[in-house]
Amino acid sequence: MQLNYIANASVRSASGKTIPVIDPSDGQPFDEIQRSNAQDINHAVQAAHDCLDKVWHKVSAAERGRLLMALSRKIAEHADELAAIEQRDCGKPTKQAKADAAALVRYFEFYAGACDKLHGETLPYLDGYSVMTWREPHGVTGHIIPWNYPMQIFGRSVGGALAAGNVCVVKPAEDACLSLIRVAQLAAEAGFPAGAINIVTGYGHEVGDALARHPGIHHISFTGSPTVGTLIQQVAAERHCPVTLELGGKSPQIVFADADLEQAIPALVNAIVQNAGQTCSAGSRLLVDDTIYEPLLARLGQAFEKLRVGPATMDLDVGPLIRQTQQQRVWDFLSDAQVAGIPRVAQGQIVDKAPDTGFYQAPTLLRDVPVMHRLAQEEVFGPVLCAMSFRDEDHAVELANATQFGLVAGIWTQDGARQFRMAKRVKSGQVFINNYGAGGGVELPFGGVKSSGHGREKGFEALYGFTTLKTVAVKHG
Ligand code: NAD
């Protein structure tokens, strides 16, 4: 049984209740996590405040950097163990689970180096004054993590918050807690003081809500659905608590007739099947110049038909979805497509060895999806790619911007001037030209516009969000 991790100690939840942990590859329970409540959040927030007030505020930036680097090394030593934990918990193929552990190492390495490079400025002002700005931590930060990339999202969120001098209370998703409990234990071994990183597991409406409402939390970092993001922002607004929201997307991949298709096709496929499509930045809408629409769909269809889906440890192209309700959600979208007469171009194969009780979904390529259909507007969060054609550049921009989201856009063209025109006109937080995702990019600021959220995580930019700026004016004559 897994316990909460508060003040460098494993503790049971106040309720004494637990939640079963299900293996998505076979749908069977194999462990339990604590079903915590507001009392456990009180305990964790108190531990975080004690740490901040008694120890953490005195730790120099350089020393914080050493601690983050020590944790990065610990994670590297335990990378295979962490990958195996996350693989079973989330149904990730081995390659993906290992990539996620490697990204976690990189986040702590990157933020270790950033700790003592974050500083304010001196400002020219009136004669007789000296004015400076200080970047100060918020204090105790709350982190509500989704189930799709627990290690990566913990790395970018908690890594940045600690580097900026905060202490953290973390609420992982009820479907994906195990790796983060282990990372918090490793942090204690690496020398983090008790209360710097606290993990409280449980349901969102119980323990997540209690965390978001707690007056002792000074900043909330949330990644997840737009619906819950709205709730968090409303709750936070009642006490004017700053929030960073990363709420997913419906990101377009825009392919012009002059694109290098040899390069584009594998990237287009990977952008929608990676992590079984359960990726906030999944390239889930394919916008294609109408002069190459048919040949490109034919080639993509062949690529989709070769995709194999199966248990995580088989390390195929695609693993299971996280849980049965997520599988049902994808089925509902696909049955809506059928009702609307949206043509299916191709589908991958679920291998025979995949247990019937696992949560599998074959990658599916749909074409001529009407721009206002919910398949082209809402996050499916499964391996479903929706293709549509465009007439010209203006039409491509219109389609690209025709959703409530704006997280990432991919642009495929050899024409340099068009690359820049398109990059300026698409409304999104990141734009990739002739690539998609740049391999994750720990260093690259990430976040959305419109309903994809606000604030930035990853890169140095994240540190500004995890601090507040104090202006100090000294009149010395
Ligand atoms: P969710 O938004 O419900 O869960 C994300 C996190 O928020 C989890 O830790 C959850 O426990 C917590 N949470 C839930 N309700 C809460 C509340 N009232 N107060 C505080 N915290 C709360 O996401 P989900 O239900 O797991 O997935 C539903 C859909 O959300 C998915 O199909 C997908 O479209 C989207 N999603 C997006 C991302 C992303 O990275 N953008 C990640 C996960 C899910």
Side-chain angles (χ1 to χ4, degrees), residues 19 22 24 33-38 41 89-90 100 142-154 156-158 169-178 180 199-214 217 220-236 238 241 243-251 274-282 284 321-333 359 361 374-375 377-384 403-408 429-430 437 446-448 450-455 457-458:
I19 302 171
I22 310 289
I33 54 164
Q34 299 300 304
R35 180 174 170 178
S36 311
N37 61 25
I41 288 293
D89 202 11
C90 303
D100 290 0
H143 303 260
I144 301 177
I145 312 269
W147 41 260
N148 53 345
Y149 291 92
M151 285 197 281
Q152 290 214 36
I153 293 171
F154 177 94
R156 77 184 193 206
S157 168
V158 172
V169 178
V170 181
K171 208 295 282 174
E174 50 272 36
D175 297 296
C177 297
L178 307 190
L180 304 190
I199 311 277
V200 185
T201 65
Y203 290 121
H205 65 281
E206 293 177 349
V207 73
D209 182 66
L211 177 63
R213 286 180 192 280
H214 201 291
I217 294 289
I220 301 167
S221 174
F222 172 80
T223 304
S225 60
T227 312
V228 177
T230 305
L231 288 177
I232 301 279
Q233 190 157 11
Q234 283 167 343
V235 164
E238 283 173 22
C241 176
V243 293
T244 300
L245 297 179
E246 201 273 88
L247 307 179
K250 193 73 191 174
S251 298
Q274 178 182 322
N275 210 38
Q278 303 168 119
T279 303
C280 43
S281 54
S284 53
L321 298 169
I322 187 76
R323 59 180 185 228
Q324 200 278 324
T325 53
Q326 193 63 23
Q327 187 186 38
Q328 186 62 49
R329 177 184 165 91
V330 178
W331 289 347
D332 290 347
F333 272 100
F359 311 133
Q361 170 60 46
R374 67 185 285 252
L375 264 156
Q377 290 291 325
E378 296 173 29
E379 257 188 325
V380 176
F381 238 56
V384 180
T403 74
Q404 60 167 324
F405 293 109
L407 191 60
V408 176
Q430 284 189 329
F446 179 71
K450 305 197 287 182
S451 294
S452 289
H454 47 75
E457 290 191 332
K458 303 172 67 165

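Both counts, for ligands and for their atoms, begin at 1 and track the order of listing.
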Inventory of protein N or O atoms under 3.5 Å from ligand 1 N or O:
unit_1: ligand 1; atom_1: 2 (O); unit_2: S225; atom_2: N; d: 2.8
unit_1: ligand 1; atom_1: 2 (O); unit_2: S225; atom_2: OG; d: 2.6
unit_1: ligand 1; atom_1: 9 (O); unit_2: I145; atom_2: O; d: 2.8
unit_1: ligand 1; atom_1: 9 (O); unit_2: K171; atom_2: NZ; d: 3.2
unit_1: ligand 1; atom_1: 11 (O); unit_2: K171; atom_2: NZ; d: 2.6
unit_1: ligand 1; atom_1: 11 (O); unit_2: E174; atom_2: OE1; d: 2.6
unit_1: ligand 1; atom_1: 11 (O); unit_2: G204; atom_2: N; d: 3.3
unit_1: ligand 1; atom_1: 19 (N); unit_2: G204; atom_2: O; d: 3.4
unit_1: ligand 1; atom_1: 19 (N); unit_2: D209; atom_2: N; d: 3.4
unit_1: ligand 1; atom_1: 25 (O); unit_2: R323; atom_2: NH2; d: 3.4
unit_1: ligand 1; atom_1: 26 (O); unit_2: W147; atom_2: NE1; d: 2.5
unit_1: ligand 1; atom_1: 32 (O); unit_2: Q326; atom_2: OE1; d: 3.4
unit_1: ligand 1; atom_1: 32 (O); unit_2: Q326; atom_2: NE2; d: 3.2
unit_1: ligand 1; atom_1: 32 (O); unit_2: R329; atom_2: NE; d: 3.0
unit_1: ligand 1; atom_1: 34 (O); unit_2: E379; atom_2: OE1; d: 3.0
unit_1: ligand 1; atom_1: 40 (O); unit_2: N148; atom_2: ND2; d: 3.3
unit_1: ligand 1; atom_1: 41 (N); unit_2: G224; atom_2: O; d: 3.4
unit_1: ligand 1; atom_1: 41 (N); unit_2: G248; atom_2: N; d: 3.2

Query raised in the report: Checking salt bridge (Lys or Arg N to Asp or Glu O under 4.0 Å) for the pair E246/R156: CA distance, chi angles, key distance, verdict?
Result: CA-CA 12 Å; E246 201 273 88; R156 77 184 193 206; 3.0 Å; yes
Requested in this report: Using side-chain hydrogen bond (donor to acceptor under 3.5 Å, both in side chains) as the criterion, list what pairs up with T279, not counting sequence neighbours.
Outcome: Y149
Query raised in the report: With S251, which residues qualify under side-chain hydrogen bond (donor to acceptor under 3.5 Å, both in side chains), at least two apart?
Result: none
Query raised in the report: Are any non-hydrogen side-chain atoms of V380 and L375 less than 4.5 angstrom apart?
Result: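 SC-SC contact between V380 and L375 confirmed.
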Report task. Scan R323, Q327, Q328 and name whichever one has a side-chain hydrogen bond (donor to acceptor under 3.5 Å, both in side chains) with T325. Result -> R323
Query - Residue list, salt bridge (charged side-chain N to carboxylate O under 4.0 Å, His left out) with D100, at least two apart or on another chain - result: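 For D100, the residues satisfying salt bridge (charged side-chain N to carboxylate O under 4.0 Å, His left out) (neighbours in sequence not counted) are K92.
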